[in-house]
Protein chains: 2
Amino acid sequence: MADPTNTREIWQQRWAREPQQARSALRWTAQLDAAQALLEEEGLDAVTVARVAKRAGVSVGATYHYFQDKQALIYAVVDRFTREAAERARSALDPARWEGASLMEILEAYLRHAIKVGRRFRGTHLAHKRLAMEDRHVAEHLASEHRAIHEPILKLLETRAEEVGGAEPIRSIAVALEVLWASVDQRLSNHAPGTSSRVARLSDERFIGELLEVARAYLGVESK
Amino acid sequence: MADPTNTREIWQQRWAREPQQARSALRWTAQLDAAQALLEEEGLDAVTVARVAKRAGVSVGATYHYFQDKQALIYAVVDRFTREAAERARSALDPARWEGASLMEILEAYLRHAIKVGRRFRGTHLAHKRLAMEDRHVAEHLASEHRAIHEPILKLLETRAEEVGGAEPIRSIAVALEVLWASVDQRLSNHAPGTSSRVARLSDERFIGELLEVARAYLGVESK
DNA sequence: ATTATCTATAGATCTATAGATAATGC
DNA sequence: ATTATCTATAGATCTATAGATAATGC
């Protein structure tokens with residue numbers, strides 16, 4: 001499935017036919033839903049065309065009518081998911097909604113939200129990471145969607161740059177955000193229950209508290 | 001291949017026969033080498049029994065003589081790799097070798113080493129992460145090997161606890177180490193060249209510098 | 001007329017084993 | 001006698017298509 005030399009413009013129009021008619025749109029959606037549910041519940045290897053078709057209540061032939069091939073189906077699922085996530089981020093990060101909130105309050109809200117969403121869509125998130133490993137088109141697509149989510153957060157945080165000490169507050173904010181994100185991402189991805197580290201055994205609350213302390217210290221924000 | 005309900009003691013004796021004789025040991029090693037090279041160069045999906053056998057210069061039948069099944073072969077590769085890594089860590093972290101080094105100097109050496117090794121064995125590292133996603137036995141094994149590497153580092157760092165400010169230096173050190181590790185891990189895993197974030201575009205040197213500043217600020221170590 | 005859908009299956013790929021043969025060690 | 005190895009192939013699984021039939025929209 002992974003073909004690194006593929007130069008087609010896969011993210012433009014690789015699916016055979018995105019439906020115009022209402023009735024077909026239902027089935028189109030049903031197939032994406034089925035594929036994503038399999039991804040979430042059982043991981044990437046569980047996504048076979050036959051299982052997607054069955055779960056969506058159509059035949060394999062019908063699925064190949066909608067999607068040029070299996071790769072196009074997977075791409076469509078990833079694309080829909082990341083598009084929706086970016087859309088949610090854009091509306092949640094409207095600066096007007098954060099009037100009066102401090103830098104640290106915004107970071108705290110971000111951490112809580114990231115952990116909540118990461119738990120909710122754990123399987124999909126892991127599957128996306130794996131697809132990114134195997135297919136550079138997916139990697140680029142996910143990276144660009146990730147930027148589409150992080151850019152508005154950075155923009156919002158940068159309006160609080162005067163709270164930050166040091167010579168380069170804008171860059172420091174970017175570094176802090178990536179460090180927090182990496183730490184959360186790792187916490188959500190790993191899951192060896194018995195053998196986990198001291199830090200993994202902290203509750204979410206304490207974990208968030210420590211990460212905020214990391215950010216506060218690095219950014220030189222005064223404690224209240 | 002992934003069978004979450006598998007309760008056999010796979011890490012004890014799942015391979016059919018680890019050889020006693022010198023000549024067989026060569027072939028045993030050749031097969032692990034072949035599998036690991038495929039893992040490193042082309043990823044997990046490239047590891048088929050036929051390709052491993054061919055690359056090791058034996059037949060498929062011979063491979064099944066050495067390994068009960070494909071899973072046992074993969075496990076043996078992971079096991080050897082993590083064992084060697086833990087062994088290297090133990091000798092590198094002998095406290096006697098770090099006489100006179102400060103906490104921050106040790107952290108810096110750790111970061112440089114982690115980035116170097118991570119680049120060198122990128123494919124293997126990614127494959128291990130993916131195996132951990134798919135197979136909880138591998139996840140537990142990797143987590144325990146990871147602890148085997150991080151424990152000596154923590155022990156070493158803890159001998160410098162008096163350099164650290166705050167009420168709970170031991171815990172702070174553990175948190176700092178995990179945050180740094182997560183940040184490095186993410187930098188090494190991601191690789192969307194054109195679309196990468198501001199932080200990903202920093203040079204290794206500056207990246208290390210920023211992470212050290214994160215740790216220094218959080219741990220309350222005085223700047224020199 | 002065109003679009004949507006189904007059943008049935010060809011073709012590719014991979015794991016694992018059967019059965020025969022060669023090499024090794026007491 | 002036992003261990004190591006090979007060739008050949010059965011059996012499982014999956015993608016994708018061919019060819020026939022049903023539904024839809026001008």
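Note on naming: letters A, B, ... go to the chains in the order of the sequence lines (proteins, then strands), and numbering restarts at 1 for each one. Keep in mind that the numbers below use all heavy atoms, side chains included, and drop hydrogens, waters and symmetry copies.
- Atom-to-atom, CD of B:Gln71 to C1' of C:dA16 comes out at 14 Å; the value is rounded to the nearest Å.
- Phosphate proximity of D:dT5 to B:His65: absent, as no side-chain N or O sits under 4.0 Å from OP1 or OP2.
- Among D:dC6, C:dA16, D:dT5, the nucleotide with an atom closest to any side-chain atom of B:Arg27 is D:dT5.
- With sequence neighbours excluded, the residues that form a side-chain hydrogen bond (donor to acceptor under 3.5 Å, both in side chains) with A:Arg55 are A:Glu41.
- Among the nucleotides D:dA16, D:dT5, C:dA16, the one closest to any side-chain atom of B:Ser59 is D:dT5.
- Rounded to a whole Å, the NZ atom of B:Lys70 is 15 Å from the P atom of D:dT13.
- For the pair A:Thr48/A:Leu38, no side-chain contact is recorded, criterion being any heavy-atom separation below 4.5 Å from C-beta on.
- Distance, A:Leu73 CG to D:dT15 P: 10 Å, rounded to whole Å.
- Rounded to an integer number of Å, the gap from CZ of B:Phe67 to P of D:dT5 is 12 Å.
- Although no hydrogens or angles enter the test, the distance criterion places no donor-acceptor pair under 3.5 Å between the side chain of A:Gln36 and the main chain of A:Val77.
- Salt-bridge formation is not detected for the pair B:Arg187/A:Glu178: no Lys NZ or Arg NE/NH1/NH2 atom is positioned less than 4.0 Å from an Asp or Glu carboxylate oxygen.
- The stretch residues 38-58 of chain B touches DNA chain D through B:Val58, each having a heavy atom within less than 4.0 Å of the strand.
- Remark: A:Arg130 engages A:Asp45 in a salt bridge, criterion side-chain N to carboxylate O under 4.0 Å.
- Salt bridge annotation for A:Asp204-A:Lys116: absent, with no cationic side-chain nitrogen under 4.0 angstrom from a carboxylate oxygen.
- Summarising the geometry, the separation between CG on B:Leu26 and P on D:dA4 is reported as 13 Å, rounded to the nearest angstrom.
- Look at A:Arg83 and A:Glu87 and you find no salt bridge, because none of the NZ, NE, NH1 or NH2 atoms lies under 4.0 Å from a carboxylate O.
- In this model, the phosphate group of C:dT17 is not approached by any side-chain N or O of B:Tyr64 to a distance below 4.0 Å at OP1 or OP2.
- Using a 4.0 Å cut-off between a side-chain N of Lys or Arg and a carboxylate O of Asp or Glu, A:Glu84 and A:Arg90 do not qualify as a salt bridge.
- For B:Val60, taking side-chain heavy atoms from C-beta onward, the closest of the listed nucleotides C:dA16, D:dA4, C:dT5 is C:dA16.
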Report task. Can you run through DNA chain D from 5' to 3' and write each base as (, ), [, ], | or . depending on how it pairs? Watson-Crick or G-U wobble, both distances under 3.5 Å. Result -> ||||||||||||||||||||||||..
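- Ion pairing between a basic and an acidic side chain is recognised when a charged N comes within 4.0 Å of a carboxylate O; A:Glu134 and A:Lys129 show no such pairing.
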